[in-house]
Participant: 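Handing you this structure, nothing more for now.
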Amino acid sequence: MHFDINQLIEQYGYLAVVIGCIAEGETFALLGGVIAHEKLLRYSGVVLAVMLGGFLGDQLLFYIGRRFGSRILRRFKKHQGKLKRANRMIRRYPVLFIIGVRFMYGFRLIGPIIIGASRLSPLKFLIFNAIGAFIWALVFVTLGYFAGEMVAPWLHRLDHHLKHLLWLALAVLFVALLRLAFRRWTRRHES
């Protein structure tokens, strides 16, 4: 089995970054920057992929907030004071809140839901979400790019050992599945 991680990254890297940034965000943005440093993907392409993923994820959360926001937010009984403060900030500084929410620890996922529940204009959110996603992508991909200097030697060692780790993981999985099958077989025959 020939497993070339670099070829996989070159082939599916941008798509993986988009999907990763929809789901998680900063980690994939930083990793994308490291991969751009390694010249496996273009820096500008990674910035655009991170921006697209962050933008799409927040748009989805915004519309979830518009549709189900009040029901979702009622479940955060302990945090109602924080939610009220966030709503005041949205009313007073909507542009800054939309752009800045992705940089606020603890508000990365819930922030767009709060904004959606606040009934802010979808067009206004769309425009400033795109601007915020671009700034966010530029910052985190650039951080990852420069961190690539420190991380690259470690990645090269990992790539060298990845084939062995993959085979080890497959062997562990095979043994675990055998144990599970054996347990089920013995339970059926003991009854």
Participant: Show the nearest heavy-atom pair for residues Gly144 and Val34, with the distance to one decimal.
Facilitator: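 In terms of heavy atoms, the two residues are closest at O-CG2, 3.2 Å.
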
Participant: Considering all heavy atoms of both residues, which atom of Arg102 and which atom of Ala133 are nearest to each other, and what is their separation?
Facilitator: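 That would be NH1-N, 3.3 Å.
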
Participant: Could you check if a side-chain atom of Phe28 sits within less than 4.5 angstrom of a side-chain atom of Val18, using non-hydrogen atoms only?
Facilitator: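 No; the side chains remain at least 4.5 Å from each other.
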
Participant: Give the minimum heavy-atom separation between Ala49 and Val17, together with the two atoms involved.
Facilitator: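 The answer is CB-CG1, 3.8 Å.
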
Participant: Can you measure from CZ (Arg66) to CG (Leu120) and round to the nearest 0.5 angstrom?
Facilitator: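 So the CZ of Arg66 and the CG of Leu120 are separated by 8.0 Å.
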
Participant: Please report the shortest heavy-atom distance between Leu109 and Leu61, naming the atom on each side.
Facilitator: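 Looks like O-CD1, 3.4 Å.
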
Participant: Does Tyr63 use its side chain to pair, donor to acceptor, with the backbone of Pro122 at less than 3.5 Å?
Facilitator: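 Looks like no, no N/O pair under 3.5 Å.
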
Participant: Linking I/L/V/M/F/W/Y whenever their side-chain heavy atoms sit closer than 4.5 Å, directly or via other members, would Phe128 and Leu96 fall into one cluster?
Facilitator: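 Not linked; separate clusters.
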
Participant: Give, for atom OG1 of Thr27 and atom CZ of Phe140, the distance between the pair rounded to the nearest 0.5 Å.
Facilitator: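 Here the interatomic distance stands at 9.5 Å.
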
Participant: Would you give the length of the straight line joining atom CD1 of Ile72 to atom CD1 of Ile64, rounded to the nearest 0.5 angstrom?
Facilitator: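 So the CD1 of Ile72 and the CD1 of Ile64 are separated by 6.5 Å.
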
Participant: Starting from Val47, can I reach Ile19 by hopping between I/L/V/M/F/W/Y residues whose side chains sit under 4.5 Å apart?
Facilitator: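 Different clusters.
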
Participant: For a 4.5 angstrom cut-off between non-hydrogen side-chain atoms, does Arg42 reach Tyr14?
Facilitator: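 Side-chain contact under 4.5 Å: yes.
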
Participant: Answer with yes or no whether the hydrophobic clustering places Leu15 together with Leu56; edges join I, L, V, M, F, W, Y residues whose side-chain heavy atoms lie under 4.5 Å apart.
Facilitator: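 Leu15 does not cluster with Leu56.
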
Participant: With hydrophobic residues grouped by side-chain heavy-atom distances under 4.5 Å, do Leu143 and Leu31 end up in a single group?
Facilitator: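 Leu143 does not cluster with Leu31.
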
Participant: Do the non-hydrogen side-chain atoms of Trp136 and Ile99 ever get within less than 4.5 Å of each other?
Facilitator: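 Trp136 does not reach Ile99 side chain to side chain.
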
Participant: About how many Å separate CZ of Arg74 and CG of Leu83, when rounded to the nearest 0.5 Å?
Facilitator: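 Going from CG on Leu83 over to CZ on Arg74, the span is 12.0 Å.
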
Participant: Atom CD1 of Ile113 and atom CZ of Arg67: how far apart are they, to the nearest 0.5 Å?
Facilitator: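 Answer rounded to 0.5 Å: 14.5 Å.
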
Participant: In the single-linkage hydrophobic clustering (I, L, V, M, F, W, Y; side-chain heavy atoms under 4.5 Å), do Tyr93 and Ile115 co-cluster?
Facilitator: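 Different clusters: Tyr93 never reaches Ile115 through Ile, Leu, Val, Met, Phe, Trp or Tyr contacts under 4.5 Å.
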
Participant: At their closest point, which heavy atom of Ala130 faces which heavy atom of Met51, and how far apart are they?
Facilitator: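 Nearest heavy atoms, Ala130 then Met51: O-CE, 3.6 Å.
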
Participant: Is the closest side-chain heavy-atom distance between Leu48 and Leu52 below 4.5 Å?
Facilitator: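 Heavy-atom side-chain distance check fails, nothing below 4.5 Å.
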
Participant: If the plane angle is over 60° it's perpendicular, under 30° parallel, otherwise tilted; pick one for Phe62 and Phe125.
Facilitator: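 Geometry flag for Phe125 against Phe62: parallel rings.
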
Participant: Could you check whether the rings of Tyr43 and Tyr145 sit parallel, tilted or perpendicular, using 30° and 60° as the cut-offs?
Facilitator: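 Tyr43 vs Tyr145 ring planes: perpendicular.
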
Participant: Is it the case that atom CZ in Arg119 sees more than 12 heavy atoms from other parts of the structure closer than 6.0 Å?
Facilitator: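 More than 12 heavy atoms, drawn from other residues, nucleotides or ligands, come within 6.0 Å of this atom.
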
Participant: Decide yes or no on side-chain contact (heavy atoms from CB on, under 4.5 Å) for Met104 and Phe97, but give the supporting numbers first.
Facilitator: CA-CA 9 Å; Met104 294 181 212; Phe97 196 86; 3.9 Å; yes

Participant: For a 4.5 angstrom cut-off between non-hydrogen side-chain atoms, does Ile90 reach Ile114?
Facilitator: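 Ile90 vs Ile114: side chains touch.
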
Participant: So, for Ile22 and Gly53, which heavy atoms are closest and what is the spacing to 0.1 Å?
Facilitator: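 The answer is CG1-O, 3.3 Å.
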
Participant: Distance check, rounded to the nearest 0.5 Å: Leu126 atom CG versus Ile131 atom CD1?
Facilitator: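 If we round to the nearest 0.5 Å, Leu126:CG and Ile131:CD1 are 10.0 Å apart.
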
Participant: May I ask you to decide if Leu73's main-chain N or O and Gln80's side chain share a donor-acceptor pair within less than 3.5 Å?
Facilitator: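 Yes, Gln80 side chain to Leu73 backbone: donor-acceptor pair under 3.5 Å.
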
